[in-house]
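Read the structure below first, then the notes.
Just the heavy atoms: all of them, side chains too, but no hydrogens, waters or symmetry mates, feed the values below. For this chain, numbers begin at 1 and follow the sequence in order. Just follow the structure's listing: the first ligand is 1, and inside any ligand the first atom is 1. What you see is a predicted model, and the numbers here were worked out from it, not measured in a lab.
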Amino acid sequence: MGYLNDQLGYREELLMTRSVIKKENYVILEPDGLVKNIVPGYDDCDVTILGSPAMGASFADYLVTAHAGGSNTGIGGEGIESFLYVMEGSLVVKNNDTEAELKAGGYIYSPADNPITFENKSKEDAKLYVYRRRYEKLDGYEAYTVVGNTNDLPWVEYEGMENCHIVDFLPKELGFDMNMHILSFKPGASHGYIETHIQEHGMYFLSGKGMYRMDDEWIPIKKGDYVFMDAYCPQACYGVGKDEEFAYIYSKDCNRDVQL
Ligand code: UGY
Ligand code: MN
């Protein structure tokens with residue numbers, strides 16, 4: 001079943017998939033094959049769990065379509081920090097200290113003791129990327145609610161390459177144990193080197209096409225795909241195609257020492 005691409009019933013073609021599952025290494029989920037999951041708290045929403053500890057991730061992330069009137073009674077809290085990004089449509093979000101209407105590009109980060117609720121008060125579907133992770137405290141520092149929109153954030157040249165840009169969603173402060181970013185590559189742009197780092201990533205591809213190196217393979221990736229990369233997974237990409245930038249939102253743990 002492909003509920004995201006309306007592919008229901010028998011097909012003319014053989015059953016095939018671009019998805020690749022290499023647990024504790026990397027995982028690619030293409031939209032065809034994703035199913036709806038019933039997740040308590042979500043009402044009138046289509047929810048797909050993307051990354052999860054079942055594939056090796058220390059976090060869970062979700063693709064959510066909140067229909068008109070759709071809502072959630074609480075994402076995060078009880079030690080779990082949460083983040084919500086609006087890809088399409090609009091949504092009213094609240095936590096214990098903030099209420100905001102988020103339009104496309106809008107986001108909220110909420111600390112571990114402070115769940116996010118939302119309601120889609122518009123007449124259109126809203127498409128969301130949601131992230132949850134157990135917060136790792138650091139004595140003397142705290143995380144706090146951050147609300148913003150990527151259209152208001154500075155896009156900076158990525159590591160000295162003028163055809164590749166990055167935006168950071170959260171402040172670079174030790175209170176935060178993770179950050180969200182968008183990386184955007186013009187066709188022909190690439191990473192400057194193949195990264196091999198301890199941090200994990202969950203990535204949702206927002207636009208364009210690219211060739212992505214994961215572990216020892218080069219694999220085509222496009223808008224609508226999801227990727228999980230575990231710690232130390234070798235990784236880098238080239239943006240390809242004619243005009244459209246190859247862009248993805250991704251999470252990265254940060255600011256903490258290794259637990260021994
Ligand atoms: O921040 C990062 O680690 C990022 N450059 N990784 C990636 O795009 N695969
Ligand atoms: Mn990386």
Side-chain angles (χ1 to χ4, degrees), residues 18-30 50-51 55-61 63 81 83 85 87 107 109 129 131 133 136 143 146 148 150 153-174 176-241 244-258:
R18 291 188 298 108
S19 296
V20 179
I21 314 297
K22 298 200 175 184
K23 290 184 186 179
E24 295 176 347
N25 186 357
Y26 68 88
V27 167
I28 302 166
L29 300 176
E30 66 150 312
L50 297 168
M55 60 175 66
S58 65
F59 56 83
D61 51 11
L63 183 62
E81 62 192 333
F83 177 92
Y85 177 65
M87 296 188 280
Y107 65 93
Y109 166 88
Y129 179 57
Y131 169 96
R133 182 168 182 265
E136 207 182 314
V146 180
T150 48
L153 293 176
W155 287 81
V156 296
E157 240 176 53
Y158 184 59
E159 298 191 349
M161 295 171 293
E162 71 291 343
N163 50 0
C164 178
H165 292 88
I166 190 163
V167 70
D168 304 326
F169 288 72
L170 301 181
K172 290 187 173 156
E173 294 174 18
L174 289 180
F176 295 90
D177 69 346
M178 55 80 58
N179 207 333
M180 281 280 172
H181 316 265
I182 294 178
L183 252 179
S184 190
F185 298 82
K186 290 196 193 313
S190 72
H191 286 83
Y193 50 93
I194 296 189
E195 299 174 7
T196 46
H197 53 62
I198 189 171
Q199 291 84 7
E200 301 167 20
H201 295 310
M203 299 179 172
Y204 187 77
F205 289 80
L206 301 168
S207 64
K209 300 187 189 91
M211 285 303 293
Y212 224 114
R213 167 77 185 248
M214 282 169 264
D215 194 7
D216 55 358
E217 310 259 17
W218 284 98
I219 303 176
I221 294 289
K222 64 176 186 175
K223 177 180 175 179
D225 290 347
Y226 171 80
V227 164
F228 163 66
M229 291 174 194
D230 210 336
Y232 300 111
C233 175
Q235 56 193 262
C237 70
Y238 291 99
V240 301
E244 209 183 358
E245 298 207 8
F246 181 49
Y248 50 91
I249 183 170
Y250 70 98
S251 61
K252 186 172 184 178
D253 42 300
C254 59
N255 297 333
R256 296 294 180 269
D257 201 352
V258 178

Could you list, one pair per line, each nitrogen or oxygen of ligand 1 together with any protein nitrogen or oxygen closer than 3.5 Å, giving atom names and the distance rounded to 0.1 Å?
residue  : atom  : partner : partner atom : Å
ligand 1 : 1 (O) : Tyr250  : OH           : 2.8
ligand 1 : 1 (O) : Lys252  : NZ           : 3.2
ligand 1 : 3 (O) : Glu195  : OE1          : 3.0
ligand 1 : 3 (O) : His197  : NE2          : 3.1
ligand 1 : 3 (O) : His201  : NE2          : 3.1
ligand 1 : 3 (O) : Lys252  : NZ           : 2.8
ligand 1 : 5 (N) : Tyr158  : OH           : 2.7
ligand 1 : 5 (N) : Glu195  : OE2          : 2.6
ligand 1 : 6 (N) : Glu195  : OE1          : 2.8
ligand 1 : 6 (N) : Glu195  : OE2          : 3.4
ligand 1 : 6 (N) : His201  : NE2          : 3.2
ligand 1 : 6 (N) : Gln235  : OE1          : 3.4
ligand 1 : 8 (O) : His191  : NE2          : 2.9
ligand 1 : 8 (O) : Tyr212  : OH           : 3.4
ligand 1 : 8 (O) : Tyr248  : OH           : 2.6
ligand 1 : 9 (N) : Tyr212  : OH           : 2.8
ligand 1 : 9 (N) : Gln235  : OE1          : 2.7

Legend entry - Any side-chain donor near an acceptor of the partner, His201 and Gln235, under 3.5 Å: yes

Legend entry - Distance (rounded to the nearest 0.5 Å) between Glu245 CD and Lys186 NZ: 4.0 Å

Legend entry - Metal environment of the Mn ion (ligand 2), protein N/O/S under 2.8 Å: Glu195 OE1, His197 NE2, His201 NE2, Gln235 OE1

Inset, instruction - Just say parallel, tilted or perpendicular for the rings of Phe83 and Tyr107, cut-offs at 30° and 60°. - result: parallel

Legend entry - Inter-residue atom distance Arg256.CZ - Leu174.CG, 0.5 Å rounding: 7.0 Å

Legend entry - Candidates Tyr85, Tyr109, Tyr131, Phe176 - the one meeting ring pair (Phe, Tyr, Trp, His ring centres under 6.0 Å) with Phe169: Tyr85

Inset, instruction - Check whether any side-chain N or O of Ser251 sits under 3.5 Å from a backbone N or O of Gly202 as a donor-acceptor pair, and report yes or no. - result: yes

Inset, instruction - Using only heavy-atom distances, determine whether the side chains of Tyr204 and Asp61 contain a donor-acceptor pair under 3.5 Å. - result: no

Inset, instruction - Verify whether one side chain among Tyr248 and Tyr212 offers a donor that lies under 3.5 Å from an acceptor in the other. - result: yes

Inset, instruction - Return yes if a side-chain donor-acceptor contact under 3.5 Å exists between His191 and Glu159, otherwise no. - result: no

